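Here the structure comes first, spelled out in structure tokens, and everything after it is commentary.
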There are 2 protein chains.
Amino acid sequence: MQIPGRVTVRDLAQAAGVSLATVDRVLNGRPGVRPATIAKVEAAIARLGFRRDLTASMLARARDIGLAVIIPEGSNQFMNRLAEAAQAVGQQVRGERLRLDLLRIRALDPGALAGALDGLSPDIHDCAAIIAIDMAEVHAAVERAIGRGIRIITLVSDLPHSARHGFVGIDNVAAGRTAASLMGRFCRMGKVGLVAGSLDLRDHAERIAGFRAVADAEYPRLEIVGPVEGQDAFTATYEKTLALLRTHPGLMGVYNVGAGNAGMLTALAEMGMNHTVAVIAHELTGPTRAGLASGAVDAVIDQGPEAEIRAVCAMARRLVLGADAAPPERPLEIRIFLRDNLP
Amino acid sequence: MQIPGRVTVRDLAQAAGVSLATVDRVLNGRPGVRPATIAKVEAAIARLGFRRDLTASMLARARDIGLAVIIPEGSNQFMNRLAEAAQAVGQQVRGERLRLDLLRIRALDPGALAGALDGLSPDIHDCAAIIAIDMAEVHAAVERAIGRGIRIITLVSDLPHSARHGFVGIDNVAAGRTAASLMGRFCRMGKVGLVAGSLDLRDHAERIAGFRAVADAEYPRLEIVGPVEGQDAFTATYEKTLALLRTHPGLMGVYNVGAGNAGMLTALAEMGMNHTVAVIAHELTGPTRAGLASGAVDAVIDQGPEAEIRAVCAMARRLVLGADAAPPERPLEIRIFLRDNLP
DNA sequence: CGGGAGATGATTTACGTACCTCAAAGATCG
DNA sequence: CGATCTTTGAGGTACGTAAATCATCTCCCG
């Protein structure tokens, strides 16, 4: 428990041959330091292996880090779960100088998202996490927010060709591949139906692409039918799934890449197929959890909302506090749940 | 980013009608406070919703939290991976006032473990994490360490009837059940062989019990043979697996609950069965990862060494700093990996 | 009623960084 | 060469808690 050879800003100043004030200016990117002096300080940082003490750093900040998490509201179970996770994690990180404000907006409405972003002030929020919709209106709002000095993190759904500071989410192609590997072993041959929310959603399209790639290459005896699109809504998903099941009577498996699991499961139950068809779904929510327990769902691929929110918090902290606080950000894990390993 | 209505120890003192010193005594469990006064302070804590500011708390501590992680050394891939994770996490948490010292001892040697525990001084280590061996010698050493004021956390393998302060690890019965669910779907019928390190190891025995329970109840067309015990060593596992395969020529699946995956896979390859037999193994290590990639392994159940070490760190912090720093400790997740969702 | 122990108060320092002010030194330019 | 601007130094306060010291107060006991 001895104090280790902790390198402080004082040591840094001495080693670099400059004053504390100058070290502080360099460390916090304040203006008024000659490039040559900056280099001296940075050399000393490297030489001494100086690492900013986050504990003290947080304490000294008069203000908390403000993080706005913008999540669509509505009946989408996953989004609700994500919002709950945000609430819960927000509680846990308060006291760590991070304030998480949850904002809920109209779903599937780029105008609402853009409006929410425009309403953010850098005085209140240092950082915002958004579930991106890939449209010009949103792009523009993101640029404006960044211009105001707000860091933007995309969550779940990315905005690749923007200046967003980071993305938190899973590799959806890999998720689709994983689903195919499971499906290929659950039903060796026959027709497998695909259900999606919308092919316009990047994550849904990517999952289907991944599924197709593996199924075609490794399980040629599977015949893929669909996808049908249910807009992540109960009724539409229910009806589309029902139509799919009626069109293809001998269906062996169903893979729903979207959020309308309750609709899909209701359709299956109505056809009396809910225990004979192999079902793979996304996101551990009420319906999928119940489905796993009852045997109506065989496997659930989950992206772990809580882990996602935590990753967002960590990223926000490191974006605001500076890169030296960076734990190397790794992609989020794709989690597979069966009945027996439910958390 | 405004400063929220943060409740400080000063507010507490005022609200409770006592001095700062008394609040400090109560908060840090120091002696010399009448029960009635303690109650007053605690009432004020509850009333104001006071939460100790961890940031400031850590900063004010002159000393870091010292955590010793004791891991057996040898050829056991999982233990090596756990040790690597400890190193890595140790790097990441330095700067958060937590010093993680990794100690490696002779494997499967209760004397070595007891000796390591006895060698710990509370001046150096506030807390120790051990992979328990359920023997009297270890029990006694744990009691002695606790007597000296060192908090003990069991890791991976628990010591249920001891005064250890906490356990970090997965539910091994559930892991076995999960393996059975997968195996039952991978091979509908036929013989499935079990391979273990030793049935004397609590986690191995629990996995087998879980596997048996689900297989018997839900997949009666599977016939379980084994288990054979390979002592988690290459040669013994190789030989035992080979014998198992020769004794039961039509084997459809193999579930290895232990660490000797390289030996098992070598035996399978030698018999030319490495792509026809469904293989489920534990822990994502070199051999199992390669096996997933090549198709020799179908699924890996992993307990996530890094998550385990992180959980140990979190538990150590909360044990040392006091329960008010407690994030509700949840059981570790049982992770399932296929080829396509490898991290 | 005085002694002593226990309980409590008052006050101070320290932790390492952020951030502010003011002064001084140096550079630049007309 | 003086005026102006930029760069740097010096020093301080603040953040909220830990931990220590020393003084004071209360109360029980002999």
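In what follows, every chain begins at residue 1, and chains take the letters A, B, ... in the order their sequences are listed. No experiment lies behind these values; they were computed from the predicted model shown.
The CG-P distance, from A:D53 to C:dC15, rounds to 12 Å in whole Å. Residue B:R30 contributes atom CZ, which lies 7 Å from atom P of D:dA18 at whole-angstrom precision. In this entry the distance linking CZ of B:R52 with C1' of D:dG16 reads 11 Å, nearest Å. One interatomic measurement links the two molecules: CG of B:D24 to C1' of C:dA7, which rounds to 15 Å at whole-angstrom precision. Remark: C1' of C:dA18 and CE of A:M58 are 12 Å apart, rounded to the nearest angstrom.
Listed nucleotides: C:dA18, C:dT17, D:dG16. Nearest to the side chain of B:A60: D:dG16. The nucleotide whose nearest atom lies closest to any side-chain atom of A:N28 is, among C:dT17, D:dG16, C:dA18, C:dA18. The nucleotide whose nearest atom lies closest to any side-chain atom of B:R10 is, among D:dG16, C:dG16, D:dA18, D:dG16.
Panel note: side chain B:D134, backbone B:L159; no donor-acceptor pair is recorded below 3.5 Å. Without hydrogens or angle criteria, A:T154 side chain to A:A129 main chain gives no donor-acceptor distance under 3.5 Å. In this structure, the side chain of A:R317 does not engage the main chain of A:I65 through any donor-acceptor pair within 3.5 Å. Side-chain atoms of A:R81 come within 3.5 Å of backbone atoms of A:L284 as a donor-acceptor pair (strictly under, hydrogens ignored).
Legend: residues meeting side-chain hydrogen bond (donor to acceptor under 3.5 Å, both in side chains) with B:R47, ordered by chain and number and at least two apart, are absent. Checked against salt bridge (Lys or Arg N to Asp or Glu O under 4.0 Å), B:R144 has the following partners two or more places apart in sequence or in another chain: B:D118. For A:A316, the side chain to side chain contact (heavy atoms under 4.5 Å, CB included) partners are A:L67, A:C127, A:I153, not counting sequence neighbours.
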For B:R52 and B:L12, what are the C-alpha separation, side-chain angles and deciding distance, and is it a side chain to side chain contact (heavy atoms under 4.5 Å, CB included)?
-> CA-CA 11 Å; B:R52 191 197 306 246; B:L12 243 194; over 6 Å; no

Where do A:V33 and A:V18 land on the side chain to side chain contact (heavy atoms under 4.5 Å, CB included) test, with the steps shown first?
-> CA-CA 11 Å; A:V33 187; A:V18 300; over 6 Å; no

Report all interatomic pairs (protein N or O, nucleotide N or O of nucleotides 3-10 of chain D) with separations under 3.5 Å.
unit_1	atom_1	unit_2	atom_2	d
D:dT7	O3'	A:R34	NE	3.3
D:dT8	OP1	A:R34	NE	3.3
D:dT8	OP1	A:R34	NH2	3.2
D:dT8	OP1	A:T37	OG1	2.1
D:dT8	OP2	A:R34	N	2.7
D:dG9	OP2	A:S19	N	2.8
D:dG9	OP2	A:S19	OG	3.1
D:dG9	OP2	A:T22	OG1	2.7
D:dG9	O6	A:R25	NH2	3.1

Nucleotides 23-25 of chain C: which of its N/O atoms have a protein N/O under 3.5 Å away?
none

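Heavy atoms from other residues, nucleotides or ligands lying under 6.0 Å from CZ of B:R106 number 12 at most.
Side chains of A:L27 and A:I45 form a contact here, defined as non-hydrogen atoms less than 4.5 Å apart.
Defining each end axis of the helix from C:dC1-D:dG30 to C:dG30-D:dC1 as the rotation carrying four pairs' C1' atoms onto the next four, with five pairs an end, the two axes are found to diverge by 30° to 10 degrees.
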